[in-house]
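Beneath this line is the structure, given in structure tokens, with notes to follow.
Below, chains carry the letters A, B, ... as their sequence lines are ordered, and counting in each starts from 1.
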Amino acid sequence: MPVVVRFAPSPTGFLHIGGARTALFNWLYARHSSGLFRLRIEDTDRARSTEAATRAILEGLSWLGLDWDGEVVHQFARAPRHAEVARALLASGRAYPCYCTPAELAERREKARAEGRTLGYDRRCRERDPRTVPAEIPPVIRLKAPESGETVIEDLVQGTVRVGNEQLDDMVLLRADGTPVYMLSVVVDDHDMGISHIIRGDDHLTNAFRQTQLYRAMDWQTPQFAHIPLIHGPDGAKLSKRHGALGVEAYREMGYLPEALDNYLLRLGWAHGDDEIISRAQAIEWFDIKNVGRSPARFDFAKLDSLNAHYLRQCDNRHLVELLRPFLEKLLGRAPDADGEVRLARGMDGLKQRAKTLKELAASAALYVRPRPLALEAKAAALLDRDARQRLARLGERLERAPAWSQAALESEVRALAKAEGVKLGQLAQPLRVALTGSTVSPSIFEVMEVLGRAEVLGRIKDIA
RNA sequence: GUCCCCAUCGUCUAGAGGCCCAGGACGGAGCCCUCUCACGGCUCAAACCGGGGUUCGAAUCCCCGUGGGGACGCCA
């Protein structure tokens with residue numbers, strides 16, 4: 001049987017981190033099995049669905065490198081088909097009209113809760129005499145679910161999960177206004193799209209029971225289920241906004257690389273031995289549902305950071321300069337000019353091993369594109385006492401005459417002066433760093449000098465002397 | 001309340017009865033390298049939720065408890 005999976009978000013918000021992982025697992029499984037990864041937008045909730053959210057989800061998936069096969073299916077457009085299935089069930093006697101009003105149901109539910117009974121619908125319309133039907137109430141259509149026995153699902157992650165049918169009530173298929181409910185739409189769409197494996201969040205596990213009953217009622221083959229554990233916040237509770245339940249675009253803005261986020265998400269609930277850094281190609285080769293863990297994982301920014309730092313170091317310098325552009329623009333108020341970008345590219349080796357995110361990288365890279373005179377950090381300025389300034393002035397004179405402007409040659413020059421003045425290298429290098437970068441922290445000061453060039457270095461030294 | 005699921009270092013996890021007085025990674029502590037900060041290298045601290053079984057032998061299997069999570073809509 002060919003593998004066809006789907007990612008089916010509802011467009012009521014951005015693509016959040018949990019959804020991103022579900023999409024990733026589906027995508028990986030499809031690519032691993034040479035199957036299809038379909039995308040379905042579940043927009044049947046007209047009040048909450050927005051075009052902007054759909055766009056954000058598509059963009060998020062693209063940014064993560066998760067491409068989908070075929071056309072995007074919009075669920076709402078298929079409502080007539082869903083209703084048709086419900087009517088077929090009604091015609092074959094496997095569904096029935098129910099005239100209980102929402103108010104009545106809520107009241108009974110409240111009563112049941114107070115008495116500690118099961119909350120489900122009591123099936124009172126199931127065997128109703130047609131002559132007692134209230135003409136003024138438009139009915140909903142409910143499924144005639146089995147009243148005894150049990151419904152069992154063989155879940156690829158959770159194993160065999162069973163529930164007594166007395167726990168499940170007769171779910172609504174069609175609302176009073178004739179529109180289908182989610183549970184029906186999902187089953188019909190998954191069937192019509194030929195979905196072979198449903199990989200989705202654990203929160204849908206109990207839905208799977210009802211959906212299985214629907215498949216049975218239609219005499220359709222049920223797909224394989226794989227309910228993956230949810231991602232929790234650092235406190236173990238549901239992932240909240242402040243704990244990382246953000247849209248993927250928020251991660252982009254924080255300066256994370258998509259490959260880092262993918263790698264991180266992949267390792268949340270899935271492992272391949274001791275491997276931590278896993279390339280896209282390896283992930284496709286190795287990914288299998290049976291390696292997915294059963295317990296929920298907590299979201300941890302520190303680990304994401306370290307992965308991001310790794311991929312940052314791995315990244316091509318020219319590419320990094322491009323990725324950095326929007327961050328620098330935001331930081332400096334304008335994009336770096338052509339000369340600036342050349343310096344950035346040349347200084348990138350030293351910069352990128354010191355940053356965890358593009359945002360941090362931009363902050364440290366700014367030293368190469370900021371115009372003179374540099375603003376000095378308070379802690380840095382404190383290092384520039386009278387002695388230091390005078391020494392720097394002498395260094396300036398020396399550098400003016402320096403025959404070569406390479407990192408190695410510059411190091412010799414600086415070391416020679418330190419020796420001549422009888423001070424340690426650090427006593428000269430740190431003030432120099434302050435003069436050239438405005439900070440006490442930077443890449444190798446000799447690398448900075450080489451990248452900045454003679455004129456700029458001399459200028460920056462003069463600025464503080 | 002009812003039903004379902006889960007349970008190894010702080011976190012992510014390896015572990016599919018003996019290879020485990022439990023391994024890796026992140027984070028933490030320390031040392032080395034060193035012009036600062038990083039990177040890198042080395043070292044250390046740190047876990048099988050509790051109790052019963054099964055077995056010659058259990059982190060691994062079963063039961064109970066406890067803790068956490070999820071689901072119970074004419075939302076998706």
Side-chain angles (χ1 to χ4, degrees), chain A residues 8-12 42-45 47-49 75 98 100-102 105-106 109 112-121 138-142 155 157-159 161-164 166-169 171-177 179-183 185-186 201-210 227 229-230 232 234 236-238 264 267-277 293-307 309 313 350-356 364 380 411 414-415 418 424-430 432-434 437 439-446:
Chain A
S10 35
T12 54
E42 308 210 315
D43 54 354
T44 55
D45 186 336
R48 292 196 298 156
S49 298
Q75 193 162 58
C98 166
C100 300
T101 64
L105 292 172
R109 200 159 28 234
R113 190 185 296 275
E115 292 169 9
R117 288 182 291 113
T118 313
L119 268 31
Y121 174 61
V140 301
I141 305 301
R142 286 184 186 271
D155 193 278
V157 172
Q158 307 292 344
V161 188
R162 54 185 72 224
V163 70
E166 69 281 358
Q167 296 296 330
L168 274 11
D169 63 0
M171 67 172 147
V172 171
L173 263 20
L174 237 44
R175 298 187 185 93
D177 65 2
T179 59
V181 301
Y182 163 80
M183 210 68 88
S185 299
V186 169
D202 211 3
D203 49 342
H204 286 285
L205 184 60
T206 46
N207 287 340
F209 292 118
R210 290 192 151 80
H227 288 93
L230 267 18
H232 288 174
K238 206 172 189 167
Y264 177 71
R267 284 287 288 101
L268 230 45
W270 178 88
H272 182 268
D274 285 340
D275 294 300
E276 297 285 347
I277 305 292
R294 297 200 283 175
S295 54
R298 298 180 189 207
F299 193 86
D300 179 19
F301 269 106
K303 186 128 184 182
L304 209 210
D305 279 350
S306 88
L307 243 14
R313 276 176 254 135
L351 293 168
K352 68 184 179 184
Q353 61 188 260
R354 292 170 167 79
K356 290 203 274 288
S364 61
E411 179 162 359
V414 176
R415 281 186 187 278
K424 285 193 189 160
L425 180 58
Q427 287 175 273
L428 184 53
Q430 270 308 83
L432 178 58
R433 187 184 317 280
V434 173
T437 72
S439 165
T440 55
V441 175
S442 83
S444 160
I445 198 59
F446 309 115

Q | B:C35 base / A:Ser444 side chain donor-acceptor hit below 3.5 Å | A | yes
Q) Can you tell me how far P of B:C20 sits from CG of A:Asp274, to the nearest Å? A) 13 Å
Q: Check the angle between the aromatic planes of A:Trp270 and A:His272 and answer parallel, tilted or perpendicular using the 30° and 60° thresholds.
A: parallel
Q: Map A:Pro443 and A:Ser295 onto RNA chain B by nearest heavy atom, then report which one ends up closer to the 5' terminus.
A: A:Ser295
Q: Could you verify whether a donor N or O on one side chain and an acceptor N or O on the other, from A:Arg175 and A:Thr179, lie under 3.5 Å apart?
A: yes
Q | For B:G50, the Watson-Crick or wobble partner whose two distances fall under 3.5 Å | A | B:C64
Q: Mind checking A:Asn207 for me? I need base, sugar-phosphate or nothing, with any heavy atom below 4.0 Å counting as a touch.
A: base
Q: Could you measure between the two C1' atoms, the one in B:G27 and the one in B:C21, and give it in whole Å?
A: 25 Å
Q) From B:G24, B:C3, B:A76, pick the nucleotide closest to the side chain of A:Val181? A) B:A76
Q. Going by an N to O cut-off under 4.0 Å, is there a salt bridge joining A:Arg48 and A:Asp43?
A. no
Q. Closest to the A:Tyr182 side chain: B:C35, B:A76, B:C6?
A. B:A76
Q: Would you indicate what A:Leu205 reaches in the nucleic acid, counting non-hydrogen atoms under 4.0 angstrom: base, sugar-phosphate, or nothing?
A: sugar-phosphate
Q. Within the structure shown, what part of the strands sits under 4.0 Å from A:Arg433 by heavy-atom distance: base, sugar-phosphate, or nothing?
A. base
Q: Please confirm whether A:Phe301 and A:Tyr264 have ring centers closer than 6.0 angstrom.
A: no
Q) Do A:His227 and A:Asp155 get their side chains close enough for a donor-acceptor pair, meaning under 3.5 Å? A) yes
**Q.** Distance below 4.0 Å between A:Arg142 side-chain N/O and B:G73 OP1 or OP2
**A.** no
Q | Separation of the P atoms in B:G52 and B:U13, to the nearest angstrom | A | 30 Å
Q: Please work out if A:Ala271 contacts a base, only the sugar-phosphate, or nothing of the nucleic acid, heavy-atom cut-off 4.0 Å.
A: sugar-phosphate
Q. Heavy atoms under 4.0 Å, any strand shown: does A:Ser442 hit a base, just sugar-phosphate, or nothing?
A. base
Q | Closest to side chain of A:Ala302, choosing from B:C26, B:G73, B:G70 | A | B:C26
(Q) Students often get this wrong, so: under 4.0 angstrom with heavy atoms, is A:Cys100 touching a base, only sugar-phosphate, or nothing? (A) base
Q: Could you check whether A:Thr44 gets within reach of a base, just the sugar-phosphate, or nothing at all, counting any heavy atom under 4.0 Å?
A: sugar-phosphate
Q.
I want to verify a distance call: between B:A38, B:C35, B:A76, whose nearest atom is closest to the A:Arg354 side chain?
A. B:A38
Q: Answer with base, sugar-phosphate or nothing: what part of the nucleic acid does A:Arg294 contact at a heavy-atom distance below 4.0 Å?
A: sugar-phosphate
Q | Below 4.0 Å: OP1/OP2 of B:G40 and any side-chain N or O of A:Arg313 | A | yes
Q) Which whole number of Å gives the distance between the P atom of B:A7 and that of B:C26? A) 25 Å
Q.
Given B:A25, B:U2, B:G70, identify the nucleotide with an atom nearest to the side chain of A:Gln167.
A. B:U2
(Q) Once you apply a heavy-atom cut-off of 4.0 Å, does A:Arg109 come out as touching a base, just sugar-phosphate, or nothing? (A) sugar-phosphate
(Q) Which is more 5' along RNA chain B, the nucleotide nearest A:Ala8 or the one nearest A:Gly164? Just name the residue. (A) A:Gly164
